Amino acid sequence: TMASDPTTIPEPAPAPAPAPAISDNDSSLAERVSTPTKEAWILHSLKKRSTEFIRTHELNVLVGTWNVNGQAPGDTKELSSWLGFVPEDEDDMSLDVLPELVVLGFQELDVRAEAFVYNNTAKDVEWTEAIEASMGVTRYSFCKIASKQLIGIFMMVYARLDVAKLVTGVQSASVGCGIMGVVGNKGAVAVRMTYRDTPICFVCAHLAHDATQVERRNAQFHDICKRMAFGNSGGNDAVAVDPLVPKKMELRGAGSGGAAGRGVGIFDHSYVVWLGDLNYRVAIDAEGSDYSAMLGVDQLHIAMLNKQAFAGFEEADIAFAPTYKYVLGTSEYDTKRRPAWCDRVLWWTRPGFQDDNDGGGVTCSEYTAVGALAISDHKPVRARLGVGVWTVDAGRRQAVYLDVLRELDRYENECIPTATLDAAVVDFGDVSFGRAVRRRLEVANSGQVPIEFSFTATPSRPGYAPAWLRITPSHGMILPGETSELELVVLVDERTSAPLSSRAENLSDILILHLERGRDYFVQVQGNYLPSVFGMGLDVLVHCKQSVRGMSRQGFERCRASGQFSVPKCIWSLTDFLSQYAVGRGYSLFYWAGDRVLARKIKEWLDADVPLDPAAILQCQTPSDDHLARTAVDEPERIRVHDHAMQTGGVIDGIGTGTGSVRSAASTNQNTLVSSAMQSVLGADSGSSPTPVAALERLSLGPWNSGSAVADQPDPPSGSSSDSGSDFGDPDSLLVPTAGGGSNEERLVGSPLPESIVNAALALPHDGGVDTVASCLVDLLRSLPEPLIPFSLYSACIEAGAISRAAALEALEDLAPENLNVLIYLLAFLRDAVEKGATSAQRVAQVFAKVVLRAPSERVSSDDKDRDDDEEGGGDDDYKNAQLFLLYLLRSHGQI
């Protein structure tokens with residue numbers, strides 16, 4: 001096996017020391033830092049610390065090249081002079097002076113024509129025997145480890161016996177680029193190996209002849225480099241892989257074809273030694289022994305300087321005569337050819353390993369030609385090279401590698417945004433319907449750089465938080481050393497209550513707090529939602545016969561599957577109480593807000609299926625000057641009577657049950673403006689003080705009862721517009737007419753309401769406990785996830801409200817039986833309250849129009865939700881048509 005440099009560990013022939021096991025954290029760390037830029041830094045750091053796991057040695061290599069011109073070997077003694085290490089006396093032999101590797105290359109070994117056609121190995125055997133004979137007594141100190149022939153190109157490699165075991169992964173290859181670019185009369189053979197832990201490649205080449213063929217020689221060099229490839233089939237043929245280095249980092253940037261799966265190329269080694277008859281010529285004749293002028297125009301030197309060929313290769317200084325062209329059998333040049341240094345020995349070192357200080361690189365102690373050998377027109381050349389090789393301690397290198405990774409990770413972590421959360425779990429405890437529960441979460445910047453945080457969505461949740469949770473702020477920036485306090489608010493309302501009420505889902509989720517360019521933090525939010533009839537679907541309530549608090553998920557499923565339904569017990573309890581203690585006792589309904597504390601108690605009784613306690617409820621009397629309510633439309637726990645407040649000159653304070661008080665115009669310096677038409681309706685022009693009953697009649701725009709003329713009035717003509725004003729005598733009119741028949745926009749313009757009318761209205765009989773129960777009834781209907789008249793029928797009912805009572809009845813034909821049953825029951829109760837004077841039809845329409853019939857959520861914009869009550873009650877056409885629709889239902893006794 002081989003490796004490209006000391007920082008990529010090969011598999012040495014001796015068994016390496018056991019490497020420490022890689023932990024999961026170390027493996028994850030290696031993967032995280034594996035990018036080209038970081039890998040370069042890692043390799044550079046390993047190079048600086050290479051002395052901790054690398055032992056360097058110098059490999060003594062004899063390299064010889066000779067174009068033998070097809071001649072037979074000559075005298076073995078003459079061949080010994082080419083080798084240069086064979087002693088004349090056997091007693092003078094010393095192992096220290098012998099090279100560790102002997103690499104000999106031949107060109108034109110066989111120039112016979114049949115050599116191009118037949119695989120005749122006679123010549124290479126002949127020369128092999130001659131070389132081994134010329135070694136004399138040293139022959140038994142070497143063993144041949146490789147040889148390769150391509151027609152006339154032949155290379156043999158010997159290793160000294162004491163180091164032969166250190167040579168592994170020996171492979172050979174050849175490339176022909178002669179005739180037609182493929183025939184082997186020109187080309188190269190190559191042998192690769194790994195010595196200790198250092199990959200080395202030897203190339204013996206014979207390039208195109210003739211002085212004018214310099215460009216062809218350059219092209220043949222590149223062709224050989226491109227096409228020469230050794231096998232990469234695994235085992236000893238494969239590039240050594242360091243188990244610590246991610247695969248995409250192996251030999252990156254080192255020209256590693258082996259790592260890419262195309263085989264090992266020439267430059268996938270730490271050293272390349274290139275020898276042979278390269279056939280580069282010179283432009284001038286040699287004169288004497290001064291070769292500097294000739295070498296200045298040496299074609300090979302020029303190609304190397306211009307990077308046309310052999311870029312990055314080195315060569316020792318030439319101090320010997322040109323090796324070509326001689327007259328056979330002599331040391332005289334052939335005058336027909338210009339002498340040249342055709343036979344050369346070059347070497348290439350992987351960038352980064354030329355530094356002699358760390359034992360890397362190549363040195364040349366001898367570079368010469370042997371003039372005594374005259375059997376060819378070329379003189380043989382030899383070079384004694386010292387090649388810096390290394391042995392790698394695999395276990396120690398692995399430890400250093402991990403240390404470098406941790407160092408890099410530490411540097412990166414100092415620049416990575418980091419945060420500290422004061423809690424990983426936020427518990428909201430018990431959560432009830434409609435009641436907000438707040439918690440705090442502190443996020444501190446524990447890093448060295450500012451952090452930008454935000455909560456992100458998950459694959460199972462499109463928003464950054466569940467619908468029942470609000471986070472403020474949900475994103476922001478925190479400077480180093482500072483802390484940001486986030487508010488988490490849980491509020492379960494009719495939009496989110498259905499799956500929680502039936503225990504189909506839990507009040508629990510995982511939030512993802514993401515830091516830009518940093519990590520994610522996970523925060524678990526949880527709470528215990530207390531199932532309530534408020535916020536529970538009508539499909540469950542109509543089947544439920546017991547307390548919802550103690551029911552399990554399976555219990556709710558059994559309720560739905562029972563097939564039996566009736567009016568929900570919670571609705572019956574509230575309406576039955578109001579029938580007995582409000583309608584039956586002459587108290588008004590749906591004009592006054594209730595008490596918040598008592599409302600909570602009533603809701604707890606309903607959830608626990610406990611009967612309402614009249615003694616506890618009726619003991620609560622609400623002061624009349626603090627609890628005049630506003631008209632109920634769409635906000636939880638509120639009965640809002642803004643029209644009534646406007647008519648009585650009140651100034652509305654606060655929101656919700658128990659906070660919506662009205663200050664009398666008599667106790668404030670503000671002048672509340674109402675229309676002159678309103679003053680006319682209330683009898684303000686005469687300055688008289690009406691009785692409480694008269695004030696109620698006028699504030700309600702006239703009572704509606706079975707004995708009034710309203711019951712006998714015909715329906716509005718079909719197709720009439722809801723915007724058209726009704727006659728003043730029509731009690732079902734929802735708009736306050738002006739005295740002069742002017743437009744409806746004049747209703748907010750006028751003079752202050754007389755104090756006598758306000759005082760009369762405040763004197764209406766009511767009970768605070770009754771008002772609270774009425775508020776709970778409205779809240780219960782409003783809290784239904786799907787309103788009593790489903791969203792799917794909303795458009796049809798609104799359109800019917802603008803047409804006629806017959807259209808309204810027709811719109812209910814698709815209403816589900818259980819919804820229809822509850823609607824009939826509710827209308828019967830409200831009709832009874834109207835007939836007995838507890839409220840008016842108009843007041844019922846105002847309060848229940850957006851409770852029984854709610855607009856689909858997709859049709860309600862955020863602006864609609866925040867719109868002022870006056871705008872909702874007077875400017876929304878759907879709301880006006882909804883009131884008309886409800887009035888038609890009230891008048892349709894026995895027809896639904």
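Predicted, not measured: the structure shown is a model, and the values here were computed from it. All residue numbers refer to positions in the sequence shown, counting from 1.
- Legend: residues meeting ring pair (Phe, Tyr, Trp, His ring centres under 6.0 Å) with Tyr464, ordered by chain and number and at least two apart, are absent.
- Residues Ile617 and Trp605 have side chains in contact (heavy-atom distance under 4.5 Å, counting atoms from C-beta outward).
- Counting heavy atoms from C-beta on, the side chains of Leu606 and Leu574 come closer than 4.5 Å.
- Rounding to the nearest 0.5 angstrom, the gap separating the CZ atom in Phe848 from the CZ atom in Phe590 is 3.5 Å.
- In this structure, Val851 and Leu784 have side chains that are not in contact, with every pair of non-hydrogen atoms separated by 4.5 Å or more.
- Judged purely by atom type and a 3.5 angstrom limit, Asn881 has no side-chain atom pairing as donor or acceptor with the backbone of Ala800.
- With hydrogens and angles disregarded, no donor-acceptor distance shorter than 3.5 Å links the side chain of Arg438 to the backbone of Val489.
- For the atom pair CG of Leu793 and CD of Glu813, the computed distance is 11.0 Å after rounding to the nearest 0.5 Å.
- Side-chain atoms of Arg585 and Asp767, non-hydrogen and from C-beta on, never get closer than 4.5 Å to each other.
- Annotation for Leu815 and Pro790: closest pair CD1-CD, 3.3 Å, computed over non-hydrogen atoms.
- Heavy atoms only, all atoms of each residue included: Leu780 and Cys570 are closest at CD2-SG, 3.7 Å.
- In terms of heavy atoms, Gln846 sits closest to Gln883 at CG-OE1, 3.3 Å.
- Checked by atom type and distance alone, the side chain of Glu786 pairs as donor or acceptor with a backbone atom of Phe791 at under 3.5 Å.
- Between Tyr591 and Ser840, the shortest heavy-atom contact is OH-OG, 3.5 Å.
- One distance of note links CG of Asp814 with CG of Leu820; it measures 11.0 Å at 0.5 Å rounding.
- The environment of CD in Gln580 is crowded: more than 12 heavy-atom neighbours from other residues, nucleotides or ligands sit within 6.0 Å.
- Between the CZ atom of Phe829 and the CG atom of Leu777 there is a distance of 6.0 Å, given to the nearest 0.5 Å.
- The shortest distance between side-chain heavy atoms of Tyr529 and Ser497 falls below 4.5 Å.
- Taking 4.5 Å as the limit, some side-chain heavy atom of Asp609 sits within range of a side-chain heavy atom of Lys569.
- Between Ser775 and Gly594, the closest heavy-atom pair is OG-N, 3.5 Å.
- Here the shortest heavy-atom pairing between Leu788 and Asn819 reads O-ND2, 2.9 Å.
- Here Tyr879 contributes atom OH and Leu884 contributes atom CG; the two are 11.5 Å apart, rounded to the nearest 0.5 Å.
- Screening Val490, Leu469, Leu530, Val437 against Leu507 for a side chain to side chain contact (heavy atoms under 4.5 Å, CB included) leaves a single residue, Val490.
- Contact annotation: the side chain of Tyr587 never approaches that of Leu618 to less than 4.5 Å [non-hydrogen atoms, C-beta and beyond].
- The closest side-chain donor-acceptor pair between Asp595 and Thr772, if any, does not fall under 3.5 angstrom.
- Rounding to the nearest 0.5 angstrom, the gap separating the CG atom in Leu781 from the CD1 atom in Ile571 is 5.0 Å.
- Leu853 has its side chain within reach of Phe885: a pair of non-hydrogen atoms, C-beta onward, lies under 4.5 Å apart.
- Residues forming a side-chain hydrogen bond (donor to acceptor under 3.5 Å, both in side chains) with Arg461 (at least two apart in sequence, or on another chain): Asp509.
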